[in-house]
Peer 1: 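Pasting a structure here, questions to come.
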Amino acid sequence: MKIATWNINGIKARIDNLPKWLREAEPDVVCLQEVKSIDENFPTAVFEDMGYSVAVHGQKSFNGVAILSKHAIEDVRRGLPGDDEDVQARYIEARITVEDLSVRIAGIYLPNGNPLGTEKFTYKLAWMKRLEAHARSMLQGEEAFLIAGDYNVIPEPEDCRKPDNWLDDALYQPESRDAYRQLLHLGFTDALRATNAAPETYTFWDYQAGAWNKNNGIRIDHMLLSPQAADLLQTCAVDKHTRAWEKPSDHVPVWVKLAAKTAASSMPSGDALTSQPV
DNA sequence: ATGCCTTGTCGCACAAGA
């Protein structure tokens, strides 16, 4: 089961690149962020024609998240619990089942939080608290669960090319990084870190100042796996090449492959060995 | 460097992003 996340920075602007990448990467599920569209204007038919089901939690002009899936999208939750006043479309969650593997998938667009010293940063930290609370309750279900998306957090110095450039930025504040670590410490696995990704693996390069050509990137799109999901992790990778396409998003896709444990693989190896003919 | 791009908007410049 291949599950991806991609901040596409506008579904209308990416109406060529997203299908192109779907045909190439063939994910079972993709969580999209910054669709920047109301539900009614989302080009659902384009993706249904490609065999995807679509669930959208949209908003006019800004934010907006969606899930595309080759398999049925069940039990959809739109919006992050914990604040009825919050109208920003940044959270969507659903259960998707492929053969004998059922996974609960959350797609998030965590607030940017800039500039510091404003209510935007306060909102970011409050949103992260709510995410932690919701994640804590989800973990009690002890099912395969993952939170994929644009976290707008640079977890560690190694996750950006030039840490000094980010010292006054909400993405790299100690409070932001602490909140991310608290989430991790509930028991999540950072899929990319767990698969020994190469140094300088980034997911975002600013449109400005030639950031892409200079590889001045940051890693802010993450896939956090519950213990039950982490047990199934096969691969995690970043599709960096899409950043070089015409009319690119400033983010690139991140994806994991999860595989259900078979009866054979969960059986003690001694039994398997002794049952083999010599 | 309050800039640099890119997106969406009841545009005709602006807010927001990171």
Side-chain angles (χ1 to χ4, degrees), chain A residues 5-21 31-43 46 56-66 86-91 107-125 127-128 131 148-177 179-180 200-222 238 240 242-254:
Chain A
T5 176
W6 194 7
N7 179 324
I8 53 172
N9 188 17
I11 185 63
K12 297 178 194 72
R14 232 55 65 201
I15 200 59
D16 293 324
N17 275 359
L18 178 54
K20 176 180 177 180
W21 174 76
C31 300
L32 301 174
Q33 300 90 39
E34 279 203 271
V35 300
K36 296 185 174 179
S37 166
I38 58 174
D39 295 6
E40 293 75 16
N41 291 346
F42 193 92
V46 170
V56 182
H57 181 39
Q59 178 183 337
K60 186 177 178 180
S61 305
F62 305 115
N63 309 320
V65 288
D86 185 2
V87 295
Q88 299 191 34
R90 297 178 174 275
Y91 187 94
I108 70 166
Y109 176 45
L110 203 150
N112 172 302
N114 281 307
L116 298 178
T118 68
E119 60 185 23
K120 293 194 174 191
F121 189 57
T122 308
Y123 174 66
K124 176 182 192 142
L125 296 179
W127 204 94
M128 294 185 80
L131 180 62
D150 177 357
Y151 281 71
N152 270 318
V153 174
I154 302 167
E156 301 294 338
E158 68 199 87
D159 295 314
C160 56
R161 183 64 176 269
K162 298 180 179 179
D164 288 352
N165 287 3
W166 299 92
L167 293 176
D168 296 324
D169 196 287
L171 279 61
Y172 196 57
Q173 283 313 288
E175 295 95 326
S176 309
R177 295 171 57 198
Y180 179 82
E200 300 191 345
T201 296
Y202 306 128
T203 66
F204 170 93
W205 295 260
D206 201 295
Y207 288 124
Q208 304 181 68
W212 167 245
N213 288 327
K214 291 186 269 191
N215 194 28
N216 184 12
I218 54 180
R219 188 175 76 98
I220 55 175
D221 300 271
H222 308 299
V238 173
K240 181 179 180 179
T242 61
R243 187 62 179 78
W245 285 356
E246 289 294 317
K247 206 170 166 57
S249 170
D250 40 7
H251 296 250
V252 298
V254 182

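Lettering follows sequence order; numbering is per chain, from 1. Quick note: numbers below take in every heavy atom, side chains included, and nothing from hydrogens, waters or symmetry partners.
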Peer 1: Just the rounded figure in Å: distance from P of B:dG8 to CG of A:D250.
Peer 2: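 After rounding, the reported distance stands at 12 Å.
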Peer 1: Using atom CZ of A:F62 as one end and atom P of B:dA15 as the other, report the distance to the nearest whole Å.
Peer 2: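 Spelled out: CZ on A:F62 to P on B:dA15 is 10 Å.
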Peer 1: Taking B:dA1 as the reference, what is the distance to B:dC14 when you measure between their P atoms (whole Å, please)?
Peer 2: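 Each nucleotide's P atom is 23 Å from the other's.
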Peer 1: Taking the C1' atom in each of B:dT2 and B:dA18, what is the distance between them to the nearest angstrom?
Peer 2: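 Straight-line distance between the two C1' atoms is 16 Å.
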Peer 1: What's the gap between B:dA15 and B:dC10 when it is taken at their P atoms, as a whole Å value?
Peer 2: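 Those two atoms are separated by 14 Å.
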Peer 1: Do the ring planes of A:H222 and A:Y180 sit parallel (below 30°), tilted (30 to 60°) or perpendicular (above 60°)?
Peer 2: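 Rings of A:H222 and A:Y180: tilted, as their planes differ by 30° to 60°.
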Peer 1: Separation of A:N213 atom CG from B:dC5 atom C1', in whole Å?
Peer 2: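 One finds 13 Å between C1' of B:dC5 and CG of A:N213, rounded.
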Peer 1: Indicate whether any N or O donor in one side chain lies under 3.5 Å from an N or O acceptor in the other, for A:W205 and A:D250.
Peer 2: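 Their side chains do not contain a donor-acceptor pair, so the 3.5 Å distance test is not met.
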Peer 1: Under 4.0 Å, counting only non-hydrogen atoms across every strand here, what does A:K124 touch: a base, just sugar-phosphate, or nothing?
Peer 2: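 Since no nucleic acid heavy atom lies under 4.0 Å of A:K124, the category is nothing.
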Peer 1: Side-chain N or O of A:N112 less than 4.0 angstrom from OP1 or OP2 on B:dA18?
Peer 2: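 Yes.
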Peer 1: In whole angstrom, what separates A:K60's NZ from B:dG11's P?
Peer 2: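 Whole-Å distance recorded here is 10 Å.
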Peer 1: Please determine if A:R219 and A:E158 form a salt bridge, counting it only when a charged side-chain N lies under 4.0 Å from a carboxylate O.
Peer 2: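 Judged by the 4.0 Å cut-off on N to carboxylate O distance, A:R219 and A:E158 do not form a salt bridge.
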Peer 1: Can a side chain N or O of A:K36 be found less than 4.0 Å away from OP1 or OP2 on B:dT9?
Peer 2: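 For B:dT9, OP1/OP2 do not have a side-chain N/O of A:K36 under 4.0 Å.
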Peer 1: Quick check on DNA chain B: between A:S37 and A:I220, whose nearest nucleotide comes earlier from the 5' end?
Peer 2: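 The residue whose closest nucleotide sits nearer the 5' end is A:S37.
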Peer 1: Using a 4.0 Å heavy-atom cut-off, does A:Y109 contact any base of the nucleic acid, only the sugar-phosphate backbone, or nothing at all?
Peer 2: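 Sugar-phosphate, backbone atoms only, no base.
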Peer 1: In whole angstrom, what separates A:K214's NZ from B:dC4's P?
Peer 2: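 Rounded to the whole Å, the gap is 14 Å.
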Peer 1: A:I218 has an atom CD1; how far is it from atom C1' of B:dG17, in whole Å?
Peer 2: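 For the pair A:I218 CD1 and B:dG17 C1', the rounded distance is 11 Å.
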Peer 1: Counting the atoms with a prime plus P, OP1 and OP2 as sugar-phosphate, which does A:D150 contact under 4.0 Å by heavy atoms, base, sugar-phosphate, or nothing?
Peer 2: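 Sugar-phosphate contact only.
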Peer 1: Between A:Q88 (CD) and B:dA16 (P), how many Å, whole number?
Peer 2: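 It is 10 Å, rounded to the nearest whole Å.
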Peer 1: May I have the step-by-step check of side chain to side chain donor-acceptor pair (under 3.5 Å) for A:R90 and A:N63, ending in yes or no?
Peer 2: CA-CA 6 Å; A:R90 297 178 174 275; A:N63 309 320; 3.2 Å; yes
Peer 1: Base, sugar-phosphate alone, or nothing: which one does A:A209 contact when heavy atoms must sit under 4.0 Å apart?
Peer 2: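 The answer is base, as A:A209 lies within the cut-off (heavy atoms under 4.0 Å) of a base atom.
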Peer 1: Could you check whether atom CG of A:N41 has more than 12 heavy atoms from other residues, nucleotides or ligands sitting under 6.0 Å from it?
Peer 2: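 Counting other residues, nucleotides and ligands, CG of A:N41 exceeds 12 neighbours.
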Peer 1: With DNA chain B as reference, determine whether A:K247 or A:P111 sits nearer its 5' end, using the nearest nucleotide of each.
Peer 2: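 Nearest nucleotide further toward 5': that of A:K247.
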Peer 1: Expressed as a whole number of angstroms, how long is the span from A:N216:CG to B:dC4:C1'?
Peer 2: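 In whole Å, B:dC4 C1' lies 12 Å from A:N216 CG.
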Peer 1: Give a yes/no on whether any side-chain N or O of A:N152 is located under 4.0 angstrom from OP1 or OP2 of B:dA18.
Peer 2: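 The answer is yes; a side-chain N or O of A:N152 sits under 4.0 Å from OP1 or OP2.
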Peer 1: Are A:N9 and A:S249 close enough, and set up right, to give a side chain to side chain donor-acceptor pair (under 3.5 Å), and what steps lead you there?
Peer 2: CA-CA 6 Å; A:N9 188 17; A:S249 170; 5.4 Å; no
Peer 1: Just to confirm, is there a sub-4.0 Å distance from OP1 or OP2 of B:dG17 to any side-chain nitrogen or oxygen of A:H251?
Peer 2: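 Negative; the distance criterion is not met.
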Peer 1: In whole angstrom, give me the gap between the C1' atoms of B:dA16 and B:dG11.
Peer 2: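 It works out to 15 Å between them.
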Peer 1: Looking at B:dA18, I'd like to know if its phosphate oxygens (OP1 or OP2) sit under 4.0 Å from a side-chain N or O belonging to A:N7.
Peer 2: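 Yes, because at least one side-chain N or O of A:N7 sits under 4.0 Å from OP1 or OP2 of B:dA18.
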Peer 1: Has A:R14 got a side-chain N or O lying under 4.0 Å from the OP1 or OP2 atom of B:dT6?
Peer 2: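 For B:dT6, OP1/OP2 do not have a side-chain N/O of A:R14 under 4.0 Å.
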